[in-house]
There are 2 protein chains.
Amino acid sequence: MTRYAKQTRLLVAVDCIIFGFDGTEMKLLLVKRSLEPEKGRWSLMGGFVDINESFEKAAARVLKELTGLENVYMEQLFAFGEPNRDPIERTASITYFSLIDIQQYEQQISHEYHAEWFPVKKIPSLIFDHRDMIEMAKEKLRYKAALHPILFELLPPKFTLPQLQNLYEGVYDAIMDKRNFSRKVLSTGLLVKQKDKDKLSSKRGAYYYKIDKRKYLTKFNAFLNFVPNPQNLK
Amino acid sequence: MTRYAKQTRLLVAVDCIIFGFDGTEMKLLLVKRSLEPEKGRWSLMGGFVDINESFEKAAARVLKELTGLENVYMEQLFAFGEPNRDPIERTASITYFSLIDIQQYEQQISHEYHAEWFPVKKIPSLIFDHRDMIEMAKEKLRYKAALHPILFELLPPKFTLPQLQNLYEGVYDAIMDKRNFSRKVLSTGLLVKQKDKDKLSSKRGAYYYKIDKRKYLTKFNAFLNFVPNPQNLK
DNA sequence: ACAAAAGTGTTTTTGCTACACCCATGG
DNA sequence: CCATGGGTGTAGCAAAAACACTTTTGT
């Protein structure tokens, strides 16, 4: 006996929700779908899982094809499996969300897939259930980032506190007090102050910080609490 | 065009991690596998996804087959898809964990599947990657229950505070102060004190409480914080 | 009467919030 | 010299933790 007889077999795809932060707002990388059905419409970057490939590998492959990036933060989001989510043939989609440093994204690759960054507030009409996927990813990102220091993954290796605060404010649609924010962030011990400053966005310049990789790995699963409770909603 | 040509199709199964609480410790419901390979070994309850069935439906079906229960708390855990996780043929497994009131579990059904409750601390050797699934489920349960009032799902409709505290202590392997615990729990406003007492586990008897369903649904997504921070590990 | 578990209140500590002024620099 | 954004300290408050005694009742 080498097969489970009589059982249905399904197509299985991966779809990647790729977050980037341009210093001002959160963005998502979308592509123009290259195959029927719905050819030409915007969609998440995805692909079928190969016969001997794990889901993680498939998602990493798809991400690399599109962005040129490897070893980036990537996490399984959810398995979407409604029977009719793809009208052509039943296809399950295992979704992954990733956080990338938008500056490392290789521009030239985008032409091949007609990729474009869209502000998460202005996502165009998408195929299938891709909008649901994005909504879920946004929620999970907020959930996770409230407890773990994952948002650093969206920033370049050297970043300033104002940049970091902008990022948190964008993700949570909140205004935070810079004094409280810096105290909280620095109290984690995860940041190492650099000697040089970023002079681009202000006259005085803001000190760069780097992540303390060792502590980052150690403390990653220590629950944090970055998000202030009161409804500081914008 | 009605099919995506050339792509591999996979078997897709669901597996259920079923948690129960017997008043003293957390347990998991396991079955003796009825088909080859690994026939006769302990495993999670699972089944293949039918052609026109969503993953959620499949998981609910499998759960009902085994326990007779419907409308219980159930949440997608993770999609396991390593190419060789099933030696016979590549099979993806979409896992769900559920929380059931162990007292409502129908005993007679267990014979059909040779089902048995095992303390989570004493799980026997399992097939495939089922142990990984359980580890992940335990972790997610701790994670989720730290923020949301899901553990009530494991208790009967009427329960006492000592029972509830036992449950939390079991899940987190921690000792909690009963004064702080009751204050915290009652401050959520989720519990309604009953007039009668449970006289089984003590001479004095402990008051029963019920969930305020309306508030439960309203407050479910309001982050809670049940678990004390310091390492009160046993 | 005593053992065993239930129930309850206060003090201390900690962490979060709110808040305002000075600094450095490029123009 | 001044406008702009960066950087820092403190006081008040609320939530969490630590902690001990009384109550009930079956045996």
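In what follows, chains carry the letters A, B, and so on, assigned in the order in which the sequence lines appear, proteins first and then strands, with residues in each chain numbered from 1. Since we're looking at a predicted model, the values are computed, not measured.
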Q) Between B:L186 (CG) and C:dG7 (C1'), how many Å, whole number? A) 11 Å

**Q.** B:E65, CD: over 12 other non-hydrogen atoms inside 6.0 angstrom
**A.** yes

Q.
Please tell me whether B:Q103 and B:Y105 have a donor and an acceptor in their side chains that are separated by less than 3.5 angstrom.
A. no

**Q.** Position toward the 5' end of DNA chain C (nearest nucleotide), A:K197 or A:R183
**A.** A:R183

Q) Relative to the 5' end of DNA chain D, which residue comes earlier, A:S201 or A:R179, by the nucleotide with the nearest heavy atom? A) A:S201

Q: May I ask you to verify if any side-chain N or O of B:K184 is less than 4.0 angstrom from the OP1 or OP2 atom of D:dA17?
A: yes

Q) Is A:K199 side chain donor-acceptor paired with the C:dG26 base, going by distance under 3.5 Å alone? A) no

Q. Taking for each residue the nucleotide of DNA chain D with the nearest heavy atom, is it A:T160 or B:G205 whose nucleotide lies nearer the 5' end?
A. A:T160

Q. Is a donor-acceptor contact shorter than 3.5 angstrom present between the side chain of A:R204 and the base of C:dA24?
A. no

Q | Donor-acceptor pair present, A:K203 side chain and D:dG6 base, under 3.5 Å | A | no

Q: For A:Y209 and D:dG6, give me the distance from atom OH to atom P, rounded to whole Å.
A: 12 Å

**Q.** Whole angstrom value for the distance that separates P of C:dC19 from CE of A:M176
**A.** 17 Å

Q) Of all the choices, C:dG9, C:dA6, D:dG9, which nucleotide is nearest to the side chain of B:N180 once you look at every atom? A) C:dG9

Q.
Using a 6.0 Å cut-off, check whether atom OH of B:Y207 has over 12 heavy atoms from anything other than its own residue.
A. no

**Q.** Rounded distance in Å - CG (A:L200) to P (C:dG26)
**A.** 12 Å

(Q) Between C1' on D:dG7 and CG on A:L164, what's the gap in Å once rounded to a whole number? (A) 15 Å

Q | Spacing between A:D177 atom CG and D:dT10 atom P, to the nearest angstrom | A | 16 Å

Q: Determine, step by step, whether A:D15 and A:S93 satisfy the side-chain hydrogen bond (donor to acceptor under 3.5 Å, both in side chains) criterion, reporting the C-alpha distance in whole Å, the side-chain angles of both residues, the deciding distance to 0.1 Å, and the verdict.
A: CA-CA 6 Å; A:D15 285 300; A:S93 170; 2.7 Å; yes

Q. So does B:D196 pair up with B:K158, basic N to acidic O under 4.0 Å?
A. yes

**Q.** Atom-pair distance (CG on B:D196; P on C:dA6), nearest Å
**A.** 16 Å

(Q) Distance check needed: C:dG7 P versus B:L161 CG, whole Å only. (A) 6 Å

